[in-house]
Structures are given as structure tokens and as C-alpha cells.
Amino acid sequence: MHFTFVTLFSSLIEGYFSDSILKRAIAKGILDISYLNPRDYSTNKHHKVDDTAVGGGAGMVMNPQPLFDCLDDLQKRDGDVHIVFVTPVAKPFTQNDAKRLATKSHVAFVSGRYEGIDERVIERYADEVFSIGDYILTGGELASLVLCDAISRNVSEVLGNSESLEIESFESELLEAPSFSKPKQYAGLSVVSEYLKGNHSKIRSLKSALSEAKTKFFRPEQLLKHKTRKSYEK
Ligand code: SAM
């Protein structure tokens with residue numbers, strides 16, 4: 001699968017792929033990453049990419065010209081590219097979106113900077129827009145990386161053990177049950193005793209109860225969704 005980051009600051013992103021799971025996936029040819037800088041497409045003699053907002057308002061807005069030319073070029077190179085803008089003015093990105101986008105062959109993430117991107121660019125090129133949460137970042141690079149990482153985990157063979165996907169939080173609506181590593185006793189603290197007894201069906205049902213308890217405490221609306229879905233399935 002191919003990812004393109006459309007960003008003024010690719011160096012903020014590159015380091016993330018220099019280690020661990022995603023580095024290995026790139027080395028194996030499962031993932032492929034490229035970058036496009038709208039500044040390289042600016043026809044302004046100083047390669048400017050932003051200007052003051054029409055109609056007033058604080059801060060600078062990214063101009064349409066460099067982004068139109070950059071995204072035209074991207075679409076010319078690959079007619080199948082799926083273009084995603086990251087912006088706080090969008091629905092929140094979810095695990096279902098990550099799974100769905102993992103079936104695409106090429107996803108491009110467009111990162112805003114300053115006060116954001118001229119709306120005409122989004123209207124013309126966005127296949128989808130996503131927010132990563134109700135807070136404001138200085139730029140879209142982190143948000144694009146968050147999406148890319150979450151999507152990549154769902155691309156076949158990126159994770160060594162595909163079972164690890166099945167039990168994760170949000171694979172159903174529920175959050176994951178607590179996990180423990182070794183040793184069984186550490187600093188006077190023990191792992192949940194039932195986990196130690198080797199009765200796998202008991203461990204499964206305890207994990208399911210703990211998973212519901214965690215979800216009820218941290219994300220009650222998710223538990224409600226889970227219960228509603230289960231009652232429909234009956
Ligand atoms: N003026 C914009 C607003 O109030 O909605 C915020 C612009 S923000 C400083 C600059 C860029 O960071 C945005 O264009 C977007 O790409 C990115 N960004 C900031 N917060 C984000 C979030 N919660 N989710 C996704 N992208 C975000």
C-alpha cells in the first residue's frame with residue numbers, strides 16, 4: 001500500500017518510519033511512503049504558500065494555487081489516489097475508518113498549517129476529511145501520522161501476528177481488558193489471580209467482564225453501543 005504525505009514539513013514525519021513495525025513493513029515492500037511539498041509547486045517568486053484571510057481574521061491561510069497544482073500532479077501520477085484532509089472541522093477518525101482505508105491502494109494525507117487551508121482546495125480534492133480529536137494542533141503532520149499508523153496496522157502482513165488485531169480495543173465497541181507481563185509479582189503487586197490459573201475459558205470470561213467494566217468507566221457511550229448491537233444480533 002502506498003501513502004503520500006502532502007506537507008510543508010516532511011522532516012516532521014520521516015523519522016516515524018525509521019524504526020520498528022512500520023520500518024520493517026517498508027523494508028519488506030508492504031508499505032511505500034512518499035512526500036509532496038506544496039511549496040515546490042508555488043508559482044510565487046518567493047515560493048510563498050500562504051496569505052492573509054479574505055474577509056479578515058487572524059493568521060494566514062494556505063493559498064489554493066500551490067495545493068491545486070500539487071494535488072493535480074498527484075492525481076495525474078495515480079488516478080486511484082484517495083485524498084484525505086486532516087482538519088479539526090470534520091468527523092472524528094475511528095477504527096472502522098482505519099480498517100476501511102486499509103483496503104485502498106494509495107491514500108494521500110494533506111496537512112494544513114497556519115490557520116488552515118483555503119476551503120476551495122478541500123471542496124475540489126477531498127475524498128474524505130477527518131479530525132483526530134477536539135483540540136487544535138499546530139499542523140496536520142501529527143494527525144496524518146496518526147491516521148497512517150492506524151491504517152497500516154490493518155494492512156495485511158504489517159503486524160506479525162494478525163490475532164493481535166482481533167482482541168484490540170474498538171475491534172468490538174469495547175475497550176481491551178488489562179494486560180500483564182512477567183514477572184507475576186512485581187514491587188508487591190500481583191497480576192489478576194485468575195489469569196495465573198490456566199483455565200482459559202475462565203480467563204476469557206473474566207477478560208470480557210473486565211473489558212465491559214473498563215468501557216463502562218471510561219467510555220460509557222461505547223458500552224451502550226455494544227449492548228444495542230448485541231441486542232439487535234439476538
Ligand atoms: N484555524 C483552524 C480551526 O480553528 O479549525 C485550526 C488550524 S490548525 C492551527 C492548522 C492545521 O493543523 C489544520 O489545518 C489541520 O491540518 C491540523 N489540525 C489541527 N488540529 C487538528 C485536529 N484536531 N485534527 C486533525 N487535524 C488537525
Side-chain angles (χ1 to χ4, degrees), residues 1-14 16-17 22 25-26 29-44 47-51 53-54 60-156 158:
M1 177 168 188
H2 191 148
F3 294 109
T4 299
F5 291 89
V6 176
T7 169
L8 296 170
F9 301 106
S10 62
S11 62
L12 295 178
I13 296 175
E14 282 157 8
Y16 195 69
F17 300 105
L22 298 188
I26 293 166
I30 303 166
L31 300 181
D32 180 33
I33 311 286
S34 57
Y35 303 90
L36 285 177
N37 189 338
R39 199 177 295 283
D40 295 338
Y41 293 83
S42 173
T43 52
N44 175 277
H47 300 290
K48 236 170 91 104
V49 290
D50 60 328
D51 214 327
V54 174
M60 306 295 270
V61 176
M62 287 177 75
N63 296 133
Q65 179 275 316
L67 278 162
F68 266 62
D69 288 359
C70 176
L71 295 172
D72 278 346
D73 185 27
L74 177 64
Q75 287 179 325
K76 222 180 291 155
R77 292 180 199 195
D78 180 0
D80 266 349
V81 62
H82 191 77
I83 302 182
V84 170
F85 284 69
V86 285
T87 160
V89 189
K91 65 179 178 175
F93 184 73
T94 67
Q95 182 69 3
N96 278 342
D97 296 314
K99 286 205 252 184
R100 184 171 50 76
L101 291 177
T103 64
K104 307 271 180 207
S105 59
H106 185 178
V107 175
F109 305 104
V110 186
S111 296
R113 276 270 149 183
Y114 319 118
E115 281 314 311
I117 292 177
D118 187 303
E119 190 71 17
R120 291 166 291 185
V121 183
I122 300 171
E123 272 173 23
R124 171 66 66 90
Y125 294 97
D127 290 307
E128 294 188 67
V129 288
F130 288 111
S131 163
I132 63 158
D134 294 344
Y135 40 79
I136 304 293
L137 303 164
T138 52
E141 287 74 15
L142 271 178
S144 297
L145 265 180
V146 166
L147 266 59
C148 180
D149 185 294
I151 295 166
S152 297
R153 295 173 61 78
N154 291 282
V155 173
S156 164
V158 165

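These values consider heavy atoms only, across backbone and side chains, with no hydrogens, waters or symmetry-generated copies.
No more than 12 heavy atoms of other residues, nucleotides or ligands shown are found within 6.0 angstrom of CZ on R124.
The structure places CD1 of I151 at 4.5 Å from CG of L101, a figure rounded to the nearest 0.5 Å. Atoms CG and CZ, from L67 and R120 in turn, are 11.5 Å apart once rounded to the nearest 0.5 Å. We find the CG-CD distance between N154 and Q95 to be 5.0 Å, quoted to the nearest 0.5 Å. Note that CG of D69 is 6.5 Å distant from CG of D72, once rounded to the nearest 0.5 Å. Annotation: the span from I13 atom CD1 to F3 atom CZ amounts to 12.0 Å, rounded to 0.5 Å. Atoms CG and OG, on D32 and S105 in that order, are 11.5 Å from each other to the nearest 0.5 Å.
Remark: K76 does not engage D73 in a salt bridge, criterion side-chain N to carboxylate O under 4.0 Å.
For F5, the ring-ring contact (aromatic ring centres under 6.0 Å, His included) partners two or more places apart in sequence, or in a different chain, are F17, Y35, F109. Residues satisfying the side chain to side chain donor-acceptor pair (under 3.5 Å) criterion with H82, sequence neighbours excluded, are E128.
Side-chain atoms of I117 and T87, non-hydrogen and from C-beta on, never get closer than 4.5 Å to each other. In this structure, Y114 and L8 have side chains that are in contact, with non-hydrogen atoms separated by less than 4.5 Å. No side-chain heavy atom of V107 sits under 4.5 Å from any side-chain heavy atom of D127. Inter-residue side-chain proximity for Y41 and L36 is flagged as met; some heavy-atom pair is nearer than 4.5 Å. Proximity of M60 to R113: side-chain heavy atoms (C-beta onward) are nowhere separated by under 4.5 Å. In this structure, V158 and L22 have side chains that are in contact, with non-hydrogen atoms separated by less than 4.5 Å. Residues L12 and T7 have side chains not in contact (no heavy-atom distance under 4.5 Å, counting atoms from C-beta outward). Residues N44 and Q65 are not in side-chain contact: their nearest non-hydrogen atoms beyond the backbone lie 4.5 Å or more apart.
Ring centroid separation for the pair Y125 and F68 comes in under the 6.0 Å cut-off.
One side chain, D149 or Y16, offers a donor N or O that lies under 3.5 Å from an acceptor on the other.
Counting only distance, with no hydrogens or angles, the side chain of K48 and the backbone of D50 share a donor-acceptor pair below 3.5 Å.
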